[in-house]
Amino acid sequence: MKDKVTKFFQKLQPTFTKIGNNHYLQAIMGAMMATLGPMILGSFATLLSVYANQWHWTKVAQISGNVNVVILAVLHYMYHF
């Protein structure tokens with residue numbers, strides 16, 4: 001079974017290489033990778049803010065809410081430059 005999968009992907013390797021060398025797709029990939037880190041941090045800050053509000057941890061909720069706003073601002077400026 002492993003050999004069949006390996007042969008299948010070896011047949012498709014030239015096609016994947018052509019797709020990987022496309023300049024437009026490389027630009028899209030670079031933009032997605034640049035925004036991945038702030039998006040993950042913003043997601044964790046949002047989750048922390050929601051759960052902190054439910055557990056009545058007001059200080060933690062305020063801090064994580066502020067972190068989320070800063071990350072959204074960074075993402076906003078990344079997309080406009």
Side-chain angles (χ1 to χ4, degrees):
M1 182 68 179
K2 185 178 177 182
D3 294 333
K4 289 181 183 180
V5 173
T6 304
K7 286 180 184 179
F8 175 72
F9 281 112
Q10 283 177 349
K11 280 185 182 179
L12 293 177
Q13 187 175 4
T15 306
F16 290 149
T17 303
K18 282 184 182 179
I19 292 171
N21 289 334
N22 187 326
H23 296 291
Y24 299 108
L25 292 178
Q26 286 180 349
I28 292 170
M29 181 185 64
M32 294 295 237
M33 294 298 285
T35 59
L36 189 61
M39 286 175 59
I40 290 172
L41 288 175
S43 299
F44 282 127
T46 301
L47 286 172
L48 184 61
S49 177
V50 168
Y51 286 118
N53 279 329
Q54 286 181 354
W55 296 328
H56 304 292
W57 294 349
T58 55
K59 197 67 168 172
V60 174
Q62 289 173 350
I63 292 170
S64 61
N66 291 339
V67 168
N68 195 15
V69 168
V70 169
I71 290 172
L72 286 174
V74 167
L75 285 173
H76 172 75
Y77 286 114
M78 284 177 71
Y79 281 123
H80 287 287
F81 289 111

> Please name the pair of heavy atoms, one in Asn21 and one in Gln26, separated by the smallest distance, quoted to 0.1 Å.
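It is CA-NE2, 3.8 Å.
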
> Would a single hydrophobic cluster contain both Met32 and Met29, if residues Ile, Leu, Val, Met, Phe, Trp and Tyr are joined by side-chain heavy-atom contacts under 4.5 Å?
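No; Met32 is not reachable from Met29 via cluster members.
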
> Taking atom NE2 of His23 and atom CD1 of Ile28, what is their separation to the nearest 0.5 Å?
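Rounded to the nearest 0.5 Å, the NE2-CD1 separation comes to 13.5 Å.
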
> Locate the shortest heavy-atom distance separating Ile71 from Pro38; write the atom from each residue and the value.
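That closest heavy-atom pairing would be CG2-O, 3.0 Å.
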
> State plainly whether one hydrophobic cluster holds both Val50 and Phe44, where clusters connect Ile, Leu, Val, Met, Phe, Trp and Tyr through side-chain heavy atoms under 4.5 angstrom apart.
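No.
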
> Tell me which one of Leu48, Val69, Thr46 satisfies side chain to side chain contact (heavy atoms under 4.5 Å, CB included) with Ser64.
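The passing option is Leu48.
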
> With a 4.5 Å cut-off on side-chain heavy-atom distances among I, L, V, M, F, W and Y, is there a chain of contacts connecting Val60 to Tyr51?
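Linked within one cluster.
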
> Identify whether Trp57 and Leu47 are in the same connected component of the hydrophobic contact network (ILVMFWY, side-chain heavy atoms under 4.5 Å).
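Result: yes, single cluster for both.
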
> Under 4.5 Å between side-chain heavy atoms, counting indirect links through other Ile/Leu/Val/Met/Phe/Trp/Tyr residues: same cluster for Leu41 and Leu75 or not?
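Same cluster.
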
> Within the supplied structure, the quantity of interest is the number of heavy atoms (other residues, nucleotides, ligands) at a distance under 6.0 Å from Gln54 CD; does it exceed 12?
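Yes, the 6.0 Å shell around CD holds more than 12 heavy atoms from other groups.
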
> Could you grab the distance from atom OG1 of Thr17 to atom CG of Leu12, nearest 0.5 Å is fine?
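Nearest 0.5 Å value for the OG1-CG distance: 10.5 Å.
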
